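Below you'll find the structure, written out as structure tokens, and then a few comments.
Keep in mind that this is a model prediction, so the values were computed, not measured. Letters A, B, ... are given to chains in the order of the sequence lines, protein chains preceding strands, and every chain is numbered from 1.
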Protein chains: 2
Amino acid sequence: MKPTLQAVADAVGVSRSTVSNAYSRPDQLSATLRERILDAARQLGYPGPNPTARSLRRGFVGSIGVLFTSQLSYAFTDPFAVRFLAGVGAAAERHGTSMLLVPLPPAVTDARRAVENAAVDGFCVYCVADEEWALDVIRQRGLPFVSTAARDDAGADERFVGIDERAAARSVAAHVAGLGHRRVALLADSVLPDAPAGPLTVAGVDQVPHPTTRGRLSGFADAFAEVGLDWAELTLVNVPGNSRPAAAAAIAGLFDQPAPPTAVLAGSDVLALGVLDALAARPAHDRPAVSVTGFDDVPEAAAAGLTTVRQPAEEKGRIAAELLLDPPADAAAGHVLLPTALVVRSSTGPVPRS
Amino acid sequence: MKPTLQAVADAVGVSRSTVSNAYSRPDQLSATLRERILDAARQLGYPGPNPTARSLRRGFVGSIGVLFTSQLSYAFTDPFAVRFLAGVGAAAERHGTSMLLVPLPPAVTDARRAVENAAVDGFCVYCVADEEWALDVIRQRGLPFVSTAARDDAGADERFVGIDERAAARSVAAHVAGLGHRRVALLADSVLPDAPAGPLTVAGVDQVPHPTTRGRLSGFADAFAEVGLDWAELTLVNVPGNSRPAAAAAIAGLFDQPAPPTAVLAGSDVLALGVLDALAARPAHDRPAVSVTGFDDVPEAAAAGLTTVRQPAEEKGRIAAELLLDPPADAAAGHVLLPTALVVRSSTGPVPRS
DNA sequence: GATCCAGTCTGTATCGATACAGAGACTAGC
DNA sequence: GCTAGTCTCTGTATCGATACAGACTGGATC
């Protein structure tokens, strides 16, 4: 068994408090005694104060949780999520805080338990799907958190960092509409829970549960409404999961229909890249000239020439962690909207006249 | 203040133990009492057992640390590290364990403290630079760990997952040597601590402190020795930090020298991609036909047509975590060598005759 | 010579749970 | 009717530290 602080105290002949002070409050004892204590500790093989015991007594842990409301392994697959993590990491580094990545089991009961059991001082919640239950647990625990998806029921005091999803989506859709496209497909991840891959009819965009997806789809719809296109005239395509192959599979059939879309607006770059994959997979002579747009501007987008909306991924993570670790006194400052920018590249062009 | 387990016990009129059991050992009490307890807990707003207190009493935490002996933010920049993390994450997910990413302050004393204070049950050590001090701290704490770099002084009982760096490097170098290249530059990260960027003279490859770098350089040297080229005849180029821009900057000047290298063997794909960047940055008419090889086969390498050595990144992370979380009874099984494969793409070719 | 003070160190209470032995109550078996 | 065994639940000890109030020492101050 590893020696405890008590053992060191006994060896030196001082009280536990003094040994504790030798580690945590060097100004509370003389330098010589401190040296004697540290020497004895070294000799005994004392590894220093037990982090868990220390956390218990102190009342804080020194690490923040990052919650992906999805498989943890997904987080490392999505380049946007990776940049976000990098941002969180940079802020954590600055604050001398660790990051705890908590994998969530598929069953909600187990997932709740996982969030309840995480030894952290707060959470950055990266929203992939509906995360209301997770926020409930966190509130219940009385822990601070920062979320990255606008929610309908957000309390005024809840911290948030994100973008104006709707306006950003509108900007890229307006670009596409401006190019003359009127047969348009909108591609999004998990439009409705458990919906199958492929075209999907949804009465109105307000039926879409996930706020981020809803926001982006609304923005797309806004831009086309302005050129006289109804929601019902847009083709909505569901992708179960934000991945290139899933997107490619979901979109593939669409191009063989009678009046195929001339433009595909994807809810993320990953999905858009999947669409490009699907197109590239067709023989050159049978490859329709489709305009494709993404969302996020991940590193891969530039290489693929993807027209997209840029949002600062790393910044988002960094600010999320900063809001958590160093909360602004002013509640309004806890609500950060980041700028976005339309990035036009080669993946969009005018409607081919055929 | 949040209510404690005691408060719930008092409210229901049972002992603390029983409430504890209601959460952690449901089979130890009747279903009806358990329901009463959980109801009361809900009513009081009891958030469930405090994770820290539970860890202290139980003697384990339920999370593993991932240690990058470099800036944490670096980890998210290096695509190989990200794949490694994904693998660790997948294994952690399977075991219901969290991952703690511990940022290390630049000063070694502070870094030691950070490792001492991490509340984890063990470490996966991803070796970027010299990490002996970190392993010392972990040993001192009596925690299990898995390292990913072969070390000279590894105890027989210490777990490890990695590749035969030397043999793998040799395979790609043999390919280059086979193409006839004899004016060759070897590019590596942090060949010597604090060495400047650019060509560097090192008496022998055994002078290189970092085992991974040394292993790869040795492999390169092996292959060229076989075709009669001495270590001294190879140009060694140091890059301070494993990044594309750093590599580009370190190599840039080399191509303007009297007898420029016809091949550059990089110690990692990231460095190799940096070399390609440096070449691409030159005007087309002044762009030497240089063969470039990498190491790792990160996702970006395929797109760039980079000849490289593949090592299974995700697998490495997954196995590292598995070895930690589910240690094999047999000590020998704790030492895993992964397969590697030479991947020849378009970035290498025969020496241009001119 | 009393007072004050800064500098050191100690002792006790506490952080919030879980482990484990064991006490009662009840059912079974013979 | 007695022993054994099963279910529930309780009580005490313990995990390993830190906080905080206070005790002691030895000068400096007036």
With the criterion being N/O to N/O and under 3.5 Å, what pairs connect the protein with nucleotides 9-11 of chain D, and how long is each?
| from | atom 1 | to | atom 2 | distance (Å) |
| --- | --- | --- | --- | --- |
| D:dC9 | OP2 | B:Ser30 | N | 2.8 |
| D:dC9 | OP2 | B:Ser30 | OG | 3.4 |
| D:dT10 | OP2 | B:Ser15 | N | 3.0 |
| D:dT10 | OP2 | B:Ser15 | OG | 3.3 |
| D:dT10 | OP2 | B:Thr18 | OG1 | 2.5 |
| D:dG11 | N7 | B:Ser17 | OG | 3.3 |
| D:dG11 | O6 | B:Ser17 | OG | 2.5 |

Let me know the distance between CZ of B:Arg36 and C1' of D:dT8, rounded to the nearest Å. 13 Å

Test applied, side chain to side chain contact (heavy atoms under 4.5 Å, CB included); reference residue, A:Leu72; option that passes from A:Leu104, A:Leu101, A:Leu67, A:Val102: A:Leu101

Is A:Arg57 close enough to C:dT14 that one of its side-chain N or O atoms is under 4.0 Å from OP1 or OP2 there? no

As a test of reading the structure: which of D:dT18, C:dG16, C:dT18 is closest to the side chain of A:Leu56, going by heavy atoms? C:dG16

Could you check whether A:Tyr46 gets within reach of a base, just the sugar-phosphate, or nothing at all, counting any heavy atom under 4.0 Å? sugar-phosphate

Sugar-phosphate, base or nothing in reach of A:Ser24, heavy atoms under 4.0 Å: sugar-phosphate

Distance check needed: D:dG16 C1' versus B:Arg54 CZ, whole Å only. 18 Å

Has B:Arg141 got a side-chain atom pairing as donor or acceptor with B:Val115's backbone, closer than 3.5 angstrom? yes

Mind calculating the distance between CZ (B:Arg58) and C1' (C:dA17) to the nearest angstrom? 10 Å

Between A:Tyr126 and A:Phe84, is the gap from one ring center to the other below 6.0 Å? yes

Tell me whether A:Arg139 is salt-bridged to A:Glu158, with the criterion being a basic N under 4.0 Å from an acidic carboxylate O. yes

Distance, rounded to the nearest Å, where A:Asp27 contributes CG and D:dA19 contributes P: 12 Å

Note: B:Asp39-B:Arg42 ion pair, threshold 4.0 Å (strictly below): yes

Give the minimum heavy-atom separation between B:Arg159 and B:Leu323, together with the two atoms involved. NH1-O, 2.7 Å

Please give, in whole Å, the distance from D:dA17 C1' to A:Arg25 CZ? 13 Å

Taking atom C1' of D:dA17 as reference, at what distance in whole Å does atom CZ of B:Arg141 sit? 14 Å

Please report the distance, rounded to the nearest Å, between CG in A:Leu5 and P in D:dT14. 18 Å

Just list the side-chain donor-acceptor pairs under 3.5 Å for residues 55-66 of chain B, sequence neighbours left out, or say none.
| from | atom 1 | to | atom 2 | distance (Å) |
| --- | --- | --- | --- | --- |
| B:Ser55 | OG | B:Pro51 | O | 2.9 |
| B:Ser63 | OG | B:Ala119 | O | 3.4 |

Let me know the distance between CZ of B:Phe60 and P of C:dA17, rounded to the nearest Å. 16 Å

